[in-house]
Amino acid sequence: MKIVAVDTGGALLTENYEPVGLVATAAVLVEKPYRTAALSVVRYADPFNYDMSGRQAVRDEAFLAVELARGVKPDVVHLDSTIGGIEVRKLDEPTIDALTITDRGKEVWKDLAKDLQPLAKKFWEETGIEIIAIGKSSVPVRIAEIYSGLYTANWAIDYARKNGTVMVGLPRYMKVEIRPDKIYGESLDSREGGLFGEIEANTDGIGWELYPNPLVRRYMVLEVWKT
Amino acid sequence: MKIVAVDTGGALLTENYEPVGLVATAAVLVEKPYRTAALSVVRYADPFNYDMSGRQAVRDEAFLAVELARGVKPDVVHLDSTIGGIEVRKLDEPTIDALTITDRGKEVWKDLAKDLQPLAKKFWEETGIEIIAIGKSSVPVRIAEIYSGLYTANWAIDYARKNGTVMVGLPRYMKVEIRPDKIYGESLDSREGGLFGEIEANTDGIGWELYPNPLVRRYMVLEVWKT
Amino acid sequence: MKIVAVDTGGALLTENYEPVGLVATAAVLVEKPYRTAALSVVRYADPFNYDMSGRQAVRDEAFLAVELARGVKPDVVHLDSTIGGIEVRKLDEPTIDALTITDRGKEVWKDLAKDLQPLAKKFWEETGIEIIAIGKSSVPVRIAEIYSGLYTANWAIDYARKNGTVMVGLPRYMKVEIRPDKIYGESLDSREGGLFGEIEANTDGIGWELYPNPLVRRYMVLEVWKT
């Protein structure tokens, strides 16, 4: 099975470990044995000017996933929205009302569906590929989350080169290591069966430290500085 | 403390990683230091013809546990039903109504209790051994779950010998390794403190691969084929 | 960031692994990189005479934390109460009523606040240091929990010296090792990123064994005896 998945993660942090905004949306192509990405693409956000409501993120994710999927032709596309694996092209009002989510969640999805339902319907008509809102249950979505952490580390390196130093928060229970010419990362949850990722990066002249975010258990902080 | 516990797990999967039916009910005898089974027995189900409502599983589990317990005389028997560690022989209607479970759960238990309450009462009168519905809190129940995964791997080997190839899903966050003359397995949740199991098996002429189920995070797939 | 945190944990167990009462309240000073304590203090409870409602524990914790904080002047004090990171000095009735906790929790906090709100207000007026009820989200609170486990092991050693043998239950998913002249402990949850602790202790002439509590998954039992 070939799956394209997408997720957004990684946050610029203040000195007090408070999030300023999210950094990276990553779309990945995942194939058997489903432990890492065969291919990944990123879209960086501007964390200083970020809509923390998350609605824009879901839209951006869907468009980035479709862009990658057009090229690689997967069997299915997984979005990071946990509404039961429903096909996004079928998300009309009665279907959303029948979901077992909160009333607030239904309002959000009725709004989101205005853009996403036509996108998914058009993509399905052209390619036969379904886009499903499977969320937390999907391993490829978790791999996309790990890649959003890798790209966040990459963003932090660029930022530190220009500004001297920076602190970012990684997605949940994952770590990264900045190695010569690449950034490696892996899940810290052993129950996930060994999920990991790697991207190429210019890592010359960079120092770094990784440690637990004291205010948010199970999340790690990455500090990066110019050496 | 000597504990007999029982659980059902492992599923035959389609090519799309969808469950067809469950494979193995395992009963285990667990003794201090409570990390593995001193003894185990299995009853295989027919996954092609499986009642996925789970009601039959609970009945089969109780009868298999009692069968093992008659031989090994434990201090207590643990069932995989999370209703607060209540003694099954006391499960009359008023007691079930007082449980803090859903109304649907109460209906299921009123039905189940018709068979299980007399079984537990008779077993207690004959042996003084209680059968308790302790469920997720019990380490021996988790060890039984790991053994149901080991026996599912064994079932898969037999099936692959006859049919060439097969895919099964293991119980939650556990892995198996098919070794010469045995199958080894362990929990992937480090918080459980090192739970594992092993059964003898004819593993000649068998190839295998283990990887995350892409559609169900924290569950592993085992593929087995004839070589 | 310098953080003082406090937690209570570790339980004396009966031969049937049932808790008799809690053993140790530990306050810790945690500094970057937030993986262990730079300093720790303990107050031992009398597990044979313990108020299991937990209300006394919260009071004792707050007073021990303030005592440590007076000396080390942290940036903030973390209590093990999960009510959203609110400042304890602001806990008046309307604020408690507005918390998203159960009605029962509100009654408990209205009672607790009688002692804790004046304590926190006075401490803040004198030092400018906030005491916040951040609970499960705080890494320093988890480190305090690990230290309560270390001190529980220390208490068990003393008890075994006098009484021959003892069984204690450690806080959730952690292990300890009794080494020459010290007790080492660490979290078993790999997602936490490597939290650990160590205290000095007289460990001569002591035997020990650590294994999963069969009745409470993810909790370990420590047996200690005189050799």
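Below, each value reflects all heavy atoms present in this structure, side chains not excepted, and no hydrogens, waters or symmetry copies. So that the names make sense, note that chain A is the first sequence line, chain B the second, and so on, each numbered from 1.
- Counting non-hydrogen atoms of neighbouring residues, nucleotides and ligands closer than 6.0 angstrom, the NZ atom of A/K182 reaches no more than 12 such neighbours.
- Taking the six-membered ring where the residue is Trp, A/Y17 and C/Y34 present perpendicular rings, their angle passing 60° and hence far from 30°.
- Contact between A/P212 and C/L195 at its shortest, heavy atoms only, is CG-CD2, 4.0 Å.
- Heavy-atom distances place the backbone of A/N213, and not its side chain, under 4.5 Å from chain C.
- Distance check, rounded to the nearest 0.5 Å: OH of A/Y219 to CD of C/E192 gives 13.5 Å.
- No more than 12 heavy-atom neighbours from other residues, nucleotides or ligands sit within 6.0 angstrom of NZ on C/K121.
- In this structure, no portion of C/I143 lies under 4.5 Å from any heavy atom of chain A.
- Few gaps surround NZ on A/K110; more than 12 heavy atoms of other groups in view lie less than 6.0 Å from it.
- Residues C/I3 and A/P214 are in side-chain contact: their nearest non-hydrogen atoms beyond the backbone lie under 4.5 Å apart.
- Neither the backbone nor the side chain of A/R172 comes within contact range of chain C; no heavy atom of the residue lies under 4.5 Å from a heavy atom of that chain.
- Nearest heavy atoms, C/G193 versus A/M220: CA-CE, 3.5 Å.
- Only the side chain of C/D189 has a heavy atom closer than 4.5 Å to any heavy atom of chain A.
- The local environment of CD in C/E126 is crowded, with over 12 non-hydrogen atoms from other residues, nucleotides or ligands closer than 6.0 Å.
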Given side chain to side chain contact (heavy atoms under 4.5 Å, CB included), test C/R142 with A/R218 step by step and report yes or no.
-> CA-CA 11 Å; C/R142 173 63 174 153; A/R218 296 191 285 274; over 6 Å; no
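- Among all heavy-atom pairs drawn from A/L215 and C/I134, the shortest one is O-CD1, 4.1 Å.
- For the residue pair C/R35 and A/L210, the shortest heavy atom distance occurs at NH2-O, 3.1 Å.
- Counting non-hydrogen atoms of neighbouring residues, nucleotides and ligands closer than 6.0 angstrom, the CD atom of A/E15 reaches no more than 12 such neighbours.
- Between the side chain of A/R217 and the backbone N or O of C/K136 there is at least one donor-acceptor pair closer than 3.5 Å.
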